[in-house]
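First up is the structure itself, then whatever we jot down about it.
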Amino acid sequence: MHTKIKVNMEYDFRVIENKWRKFWAENKTFKVTEETQKPKYYVLDMFPYPSGAGLHVGHPLGYIASDIYSRYKRLQGFNVLHPMGYDSFGLPAEQYAIQTGQHPSITTEQNIARYREQMDKIGFSYDWDREVRTSSPEYYKWTQWIFKQLFDCYYDNRTNKAERISQLVSEFQLNGNVQVNACTDCETNFTAEDWNSYSEQRKEEILQEYRLAYLADSWVNWCPALGTVLANDEVVNGVSERGGHPVEQKLMRQWSMRIKAYAERLLTGLETVDWTDSIKDQQRNWIGKSQGCSLQFKIDESNLQIEVFTTRPDTVYGVSFMVLAPEHPYVDQITTAEYATAIADYKKAASLKTERDRQADVKNISGQFTGAFAVHPFSGEKVQIWIGDYVLASYGTGAVMAVPCGDQRDYDFAKHFNLEIKNIFASVDISEAAYTEKDAVIANSDFLNGLDAKSAIKKAIETIEEKGLGKGKTNYRLRDAVFSRQRYWGEPFPVYYKNELPYLVDDANLPIELPEVDKYLPTEDGEPPLARAEKSAWNFSQGDRMEFNTMPGWAGSSWYFLRYMDPKNEIEFVSKEKADYWNQVDLYIGGSEHATGHLLYARFWTKFLFDQGYISFDEPFAKMINQGMILGRSSFVYRIKDSIKFVTLSKKKDFDVTPIHVDISLVDNDKLDIEGFKAWRPEFSQAEFICEEDGSYVCGTEVEKMSKSKYNVQTPDELVDKFGADTLRMYEMFLGPLEQSKPWDTKGINGVHNFLRKLWRLFHDQEGNVFLVDESPTKEALKTLHKTIKKMTDDLDRFSFNTGVSNFMICVNELTDQKCHNKAILSELIIMLSPYAPHICEELWVKLGNDAGTINEARFPAFKEEYLVEASVAYPISFNGKMRMKLELPTTYSAQEVEQAVLENQDAQKWLEGKSPKKVIVVPGKIVNIVL
RNA sequence: GCUCGGAUGGUGGAAUUGGUAGACACGCCGGACUUAAAAUCCUGUGGGCAUUUGCCCGUGCGGGUUCAAGUCCCGCUCCGAGUACCA
């Protein structure tokens with residue numbers, strides 16, 4: 001007696017996927033080089049910060065899409081660069097280090113290992129030889145080097161690009177700064193003699209006002225809880241983006257990046273990239289360009305002049321007072337003795353307000369009269385000068401001319417303090433609110449009377465310029481980005497100090513490595529953690545001391561896409577040849593939450609590196625797709641108050657219940673695993689249940705963000721173990737359009753898994769033996785195949801990954817109905833499917849008689865129209881727009897022939913009701929509509 | 001407030017330039033196999049009325065354009081995201 005062992009009986013994804021994972025790794029199947037005649041294509045994922053929690057199913061969504069696209073492009077004959085790495089500097093590892101004393105590099109290393117393990121399970125076709133980590137010295141050496149270039153450059157508005165500081169210095173030596181037109185904070189003019197007489201210190205102070213990376217006292221977002229400053233995009237609603245801690249304004253000496261210099265190019269460059277309107281709009285708003293003019297107001301009985309910026313010079317005759325920011329430098333000088341105390345009190349109160357308080361207080365109007373008056377530049381009238389915290393020190397000039405009739409904030413301020421409101425608009429009622437539209441005719445305004453806003457603005461600017469009162473000006477909301485952090489786990493600066501002046505470390509001494517410290521906390525004097533390092537702990541040190549700040553999180557991520565092109569280069573950050581070959585990222589996939597952070601900074605650095613000739617493109621990401629967020633689907637059980645009884649969803653309304661989050665692994669199709677639940681936690685071991693009629697306990701659900709505390713986190717690993725990576729890949733795509741955010745729900749995953757099993761059966765007989773036929777394919781199989789080829793190509797070209805999955809399902813359903821086991825047909829199908837489900841396709845490819853791994857060099861099948869040509873079309877026939885019947889007619893029929901055939905048709909008579917139609921519309925091949 | 005998305009069966013979603021609304025999948029109903037269950041396979045499945053054939057309604061709401069509207073235009077409602085004293 002012996003039992004017959006059936007080989008390959010079922011689709012055993014565990015064996016198959018392990019086998020191919022190993023094969024790809026051992027053969028370096030996805031290694032990519034530049035030595036090829038193929039055209040290049042660069043597909044990039046936003047690299048992750050390796051957090052301790054690992055990946056949940058939301059993370060790989062974008063990675064799967066980009067992997068499918070990369071594999072598709074390879075099959076189309078492109079040389080595809082598809083790398084992955086880690087943004088591995090950051091706060092969580094450091095916070096953990098503070099708590100445990102463990103070096104953040106250890107945690108980081110462990111987290112990376114976990115991420116890698118999880119990613120490997122999903123079968124990504126990354127070239128891992130190109131992996132980068134922002135926290136590795138080999139990488140941050142070049143981050144430091146780029147910083148040096150920024151330090152050594154200024155922005156010249158004439159050449160409209162970054163130029164070397166040495167050029168500027170030569171100009172200063174020859175002509176001073178009078179002829180210089182640069183982006184600068186320097187407001188004083190000096191001659192060549194002045195310059196040459198300055199001390200080294202004075203010279204450097206001036207140069208700092210020109211450098212693209214510079215040291216300056218600036219108002220920063222200080223977060224006491226994190227012990228560091230934050231960039232504007234890292235502050236959300238007045239609290240830190242990470243951790244939600246309060247943020248206050250503080251004047252500190254900080255490194256900043258003169259991103260303002262690039263404001264205009266960052267704006268116009270948006271027109272050259274294929275990104276969503278939403279992201280482009282966010283960047284445009286962030287840059288906040290506004291056009292208007294500057295205007296000087298003389299202060300009465302003083303030599304001082306206050307400059308304001310306004311976009312509405314046409315309303316200048318409506319000015320009835322002025323408001324300065326409490327931090328405005330002239331406030332103390334102009335305040336009269338009578339108001340000195342009140343002003344001092346107001347300033348103090350304003351400075352104590354955190355950003356959050358100030359935002360929460362928007363409706364609370366506050367301000368204080370200074371006692372001083374300004375002279376209206378046209379009417380000569382005296383107007384009061386106030387201070388108020390609705391005027392921001394950091395925008396424009398920190399002062400506004402208040403036009404209550406045309407600006408709601410000025411209006412509210414005037415009402416609150418009972419100040420004059422002049423109406424300078426003809427026939428507009430301003431008794432209730434300011435009139436902010438630009439469509440009124442100007443009145444009571446001398447030379448502007450009778451003009452509409454547009455021409456009045458033009459005329460006003462002309463007149464202001466003629467009289468030398470100011471000039472036309474463009475303002476940007478974008479502020480320079482603070483570039484230092486008082487933290488440990490970031491890039492050290494390649495900077496040392498001598499007499500408190502910063503100097504750059506020579507290239508030969510890079511990288512400046514992170515020194516060991518005893519604790520990851522600030523010193524007792526409030527110096528950053530690096531101040532704890534002994535001199536000997538630095539791999540290089542010079543001058544009085546090294547820089548103690550580290551770079552912010554966005555430093556390393558602003559150029560990583562360049563390093564992937566040439567990751568091992570020891571003499572350059574990227575070679576020109578390789579940067580020229582790979583060029584822009586053709587497709588970038590990632591979240592939209594980086595709209596005003598990473599995506600803006602990366603564009604800034606790219607433009608700078610372009611200006612300096614290191615690369616030959618000035619936009620990094622030609623096309624970008626933002627994947628939607630995957631939300632968690634939480635499950636709830638309902639405990640009856642003060643009991644250990646739980647009641648099922650449909651009956652909970654009869655009781656007073658408390659919903660309790662239950663781990664989603666204990667729930668299948670909303671039905672609770674009761675025994676599992678009892679074993680989950682000791683306090684539930686004696687739980688009792690009031691169930692549905694069929695004896696099951698049904699849980700309630702809610703869509704929320706995925707988080708550990710809600711027990712709704714789904715890791716990809718569990719699903720790979722249960723269904724396989726190919727199923728997971730296809731299911732994540734099948735969920736819906738990539739860009740849309742959606743709740744995670746495993747309800748439909750069986751459907752996708754069944755599809756793969758059905759596919760498997762196309763290659764096997766009922767006993768499970770390989771069963772393939774090598775004859776010429778049937779007409780209908782060819783039709784099915786080519787229909788699929790066409791759809792797949794169209795769908796991939798428009799990144800419609802979800803419809804792609806259904807195309808395959810339809811194809812396999814049809815081939816199953818046709819009992820198709822044809823090698824030629826199945827080969828083409830497998831090639832098309834391999835980007836989505838690479839493991840099973842590799843396996844089936846070998847069964848088709850091919851060499852292992854060669855599917856990756858195959859060509860994506862070409863669509864041939866001829867296989868879809870049919871002899872007849874089933875025309876839907878509509879009467880008055882309503883589809884009533886179908887009529888099979890030859891494809892070759894002309895519109896007239898179709899019309900005739902329809903009108904003569906037996907079944908159509910019923911609908912014609914003997915009438916002759918008013919009109920017959922025939923769209924050949926598509927539809928017929930008869931209007932009665 | 002402003003800007004940008006979105007709303008289609010019980011559910012996720014499809015309909016690419018205006019041309020058969022609901023593809024594909026889940027779920028559910030019924031059936032086959034089985035001692036039974038699971039798995040698998042077959043059938044049905046937008047709602048309502050008729051129950052063979054058929055008819056009416058139907059893509060958030062109200063209008064409009066068109067032979068024809070989920071798709072275009074105007075006006076709303078709701079949901080999501082971003083942003084907010086930016087002069």
Side-chain angles (χ1 to χ4, degrees), chain A residues 10 236-237 276-282 284-286 288-290 292 308-312 315 322-323 325 358-359 361-363 365 388-392 394-403 406-410 412-413 475-479 592-593 595-596 626 628-629 631 669-670 730-731 734-737 739-752 754-755 757-758 761 791 794-795 797-798 800 802-813 874-886 917-923 925-932:
Chain A
E10 270 294 321
V236 178
N237 293 327
T276 61
D277 287 339
S278 151
I279 295 258
K280 286 187 183 187
D281 274 343
Q282 281 182 55
R284 283 189 195 109
N285 292 338
W286 192 259
K289 180 177 183 174
S290 55
V308 300
F309 172 76
T310 178
T311 55
R312 296 293 304 272
T315 63
M322 291 186 76
V323 187
R358 229 162 134 154
Q359 280 182 8
D361 256 9
V362 169
K363 285 184 193 84
I365 296 158
D389 68 4
Y390 83 93
V391 178
L392 304 175
S394 49
Y395 181 77
T397 61
V400 301
M401 58 175 219
V403 183
D407 184 290
Q408 193 57 44
R409 292 153 304 164
D410 296 346
D412 295 340
F413 195 85
N475 239 355
Y476 298 93
R477 198 182 81 114
L478 182 72
R479 316 222 191 120
S592 57
E593 66 273 20
T596 52
N626 308 111
M629 209 203 315
L631 300 161
N669 264 326
D670 294 342
M730 293 198 86
Y731 184 59
F734 192 56
L735 233 38
E739 299 92 328
Q740 210 167 291
S741 58
K742 52 224 152 196
W744 177 259
D745 195 336
T746 52
K747 238 171 32 189
I749 199 165
N750 269 314
V752 173
N754 285 343
F755 156 76
R757 296 172 53 183
K758 216 164 166 182
R761 268 179 259 139
K791 279 193 193 156
D794 288 353
D795 285 354
D797 288 344
R798 65 192 175 103
S800 177
N802 56 326
T803 51
V805 178
S806 23
N807 293 340
F808 287 122
M809 288 174 167
I810 295 166
C811 179
V812 167
N813 286 347
Y875 274 97
I877 315 295
S878 305
F879 294 82
N880 286 332
K882 279 180 187 165
M883 208 279 284
R884 295 300 187 184
M885 54 181 276
K886 282 186 188 169
K918 287 194 187 113
K919 203 169 174 186
V920 178
I921 287 122
V922 177
V923 184
K926 280 256 160 107
I927 198 167
V928 178
N929 191 14
I930 295 160
V931 187
L932 292 171

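Naming: A, B, ... by sequence-line order, numbering from 1 per chain. Given the structure is predicted, the values throughout are model-derived calculations rather than measurements.
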Reading nucleotides 1-21 of chain B from 5' to 3' and marking B where a protein heavy atom lies under 4.0 Å of the base, S where only the sugar-phosphate is that close, and - otherwise, the string is --SS------SBSSSB--BB-
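Between A/Lys882 atom NZ and B/A69 atom P there is a gap of 10 Å when expressed in whole angstrom units. At whole-Å resolution of the value, CG in A/Asn813 and P in B/U43 are 11 Å apart. Nucleotide B/C86 holds its P atom 15 Å from the CE atom of A/Met401, rounded to whole Å. Rounded to a whole Å, the NZ atom of A/Lys289 is 13 Å from the P atom of B/A87.
Atom name P, nucleotides B/A39 and B/G30: the rounded distance is 16 Å, in whole Å. Spacing of C1' atoms, B/U65 relative to B/G75, comes out at 15 Å, to the nearest Å.
Of the inter-residue distances, the one linking A/Thr276 atom OG1 with A/Gln282 atom CD reads 8.0 Å to the nearest 0.5 angstrom. In this structure, CD on A/Glu593 lies 8.5 Å from CD1 on A/Ile279, to the nearest 0.5 angstrom.
At a threshold of 4.0 angstrom between heavy atoms, the contacts of A/Thr397 with the nucleic acid are absent.
The phosphate of B/U40 (OP1 or OP2) has a side-chain N or O of A/Arg757 nearer than 4.0 angstrom. One finds a side-chain N or O of A/Arg884 lying less than 4.0 angstrom from the OP1 or OP2 phosphate oxygen of B/C56.
A/Phe309 and A/Tyr395 have perpendicular rings, their planes meeting at more than 60° on a 0 to 90° scale where under 30° would count as parallel. Between A/Trp744 and A/Tyr731, the angle of the ring planes goes over 60°, which puts this pair in the perpendicular group of the 30/60° scheme.
Side-chain atoms of A/Asn754 lie closest to B/U40 of the nucleotides B/C57, B/U40, B/A87. Candidate nucleotides B/A84, B/G82, B/C85 were compared by shortest atom distance to the side chain of A/Asp389, and B/C85 ranks first.
Nearer to the 5' terminus of RNA chain B, by closest-nucleotide assignment, is the contact made by A/Ile749 (compared with the other of A/Ile749 and A/Arg409).
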Pairing string of RNA chain B (Watson-Crick or G-U wobble, both atom distances under 3.5 Å; | = paired to other strand) is (((((((..(((......[....)))((.(((.......))).))((((....))))..(((((..]....))))))))))))....
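Ion pairing between A/Lys280 and A/Asp277 fails under the 4.0 Å rule for side-chain N and carboxylate O.
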